[in-house]
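See structure below.
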Amino acid sequence: MPIERPEQPVFRFAPSPNGRLHLGHALSAIVNHDMAAAMGGRFLVRIEDIDRTRCRPEFERAIFEDLTWLGLAWEEPIRRQSDHLDLYAAALERLKEMGLVYPSVMSRGEIKAMVAAAEVTGEPWPRDPDGSPLYPGRERELSQAAQAELSATGGAHAWRIDVAKAVARVGESLTWRETGAGPSGESELIAADPTVWGDVTLSRSDAPSSYHLSVVIDDALQGVTHVVRGRDLYHATSIHRLLQRLLDLPEPVYHHHRLVLGPDGRKLSKSNGDTGIAALRAAGHEPADIRAMLLCPEESKIPENARR
Ligand code: GLU
């Protein structure tokens, strides 16, 4: 009888080089690295540099410097999203052929004005989990021919997924396996609801692929079995599961870890200078201090349900 080799777990830390790493990134990188080590898995680093206006090579160099200083080792060569734009474009084409995306032409300012006008009635406009208003445009209702015409002549536009149509096409409820605690302490099988995001953008004229589209393609192509990332991306998993199902991509296990909060109780941002890894290093801290600052004993333990 053939012996089935157990799948080797693959983890990835996927920073965007649009600033210096802070303690929140360090937690993510360390948890990924340590879970991979404990499970005999691989640890990858992926540079998510789709947004060319904000990403810079000096930030990418600094990421490697900070990760090395933290004592983490990853596989080479690393994957850089800007090297694979053709793959994301091909996936978008597939979704176009399925009739699940449409060109949208409203600018941010127009969206804001339309939402404000609608809210004059006193009814709040629906918002996504990050607090942005759902797209109010109606281009999805145009005929295929009118959409093609709009995409050819509409000037700057974004391609958005028609989320209701996409969910209907999938036809069955979507779930994901979560091994970290969700915002309200859920665990195990989580029901995904991609409609909470409205018709998210999958590509823009100034950014050829969105985070959502490129992340699911890369996770699949790199054979990522465990997506370990901060809880701020918990709800994004709903849209990722939808795209995975539409594009026939495998489903990883998800583990959303807690966020490191600043003294103001808010999530750290890249401008939180004193929680930056480089600033902590310059202030005389050692990598072991960073681990001690970040890891409570439960976090360095591998959840039993992460093994499969
Ligand atoms: N690139 C994303 C970030 O820097 C992380 C993406 C992910 O882990 O799925 O926030």
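Every number for a ligand or one of its atoms is a count from 1 in the order of the listing.
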Tell me whether the NZ or CZ atom of Arg160 lies within the 45° cone about the ring axis of Tyr135 and under 6.0 Å from its centre. yes
Is the positively charged end of Arg204 above the ring of Trp159, judged by distance under 6.0 angstrom from the centroid and angle within 45° of the axis?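 No; the conditions do not both hold, so Arg204 does not lie above the ring face of Trp159.
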Out of all atoms in ligand 1, which are within 4.0 Å of some heavy atom of [X]? Include the element for each.
X	answer
Tyr211	6 (C), 7 (C), 9 (O)
Glu48	1 (N), 2 (C), 5 (C), 6 (C)
Val215	9 (O)
Arg12	7 (C), 8 (O), 9 (O)

With a 4.0 Å cut-off on heavy atoms, is His240 touching ligand 1?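 No, His240 has no heavy atom closer than 4.0 Å to ligand 1.
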May I ask whether Phe13 places a heavy atom under 4.0 Å from ligand 1?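 Phe13: no contact with ligand 1 (<4.0 Å).
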Parallel, tilted or perpendicular, as decided by the 30° and 60° cut-offs, for the rings of Tyr254 and His256: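 Judged by the thresholds at 30° and 60°, the geometry between His256 and Tyr254 is parallel.
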Of the backbone atoms (N, CA, C, O) and the side-chain heavy atoms from C-beta on, which set of Leu233 has a member under 4.0 Å from an atom of ligand 1: side chain, backbone, both, or neither?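 The side chain, only.
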Pick one of side chain, backbone, both or neither for how His25 approaches ligand 1, counting any non-hydrogen atom pair under 4.0 Å.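 The answer is neither; His25 stays 4.0 Å or more away.
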ring-ring contact (aromatic ring centres under 6.0 Å, His included): pairs with one or both residues in residues 72-101, sequence neighbours excluded: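 Output for this query lists Phe64-Trp74.
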Side chain of Glu119, backbone of Trp125: donor and acceptor closer than 3.5 Å? yes
Strictly under 6.0 Å, is that where the ring centroids of Tyr211 and His240 end up? yes
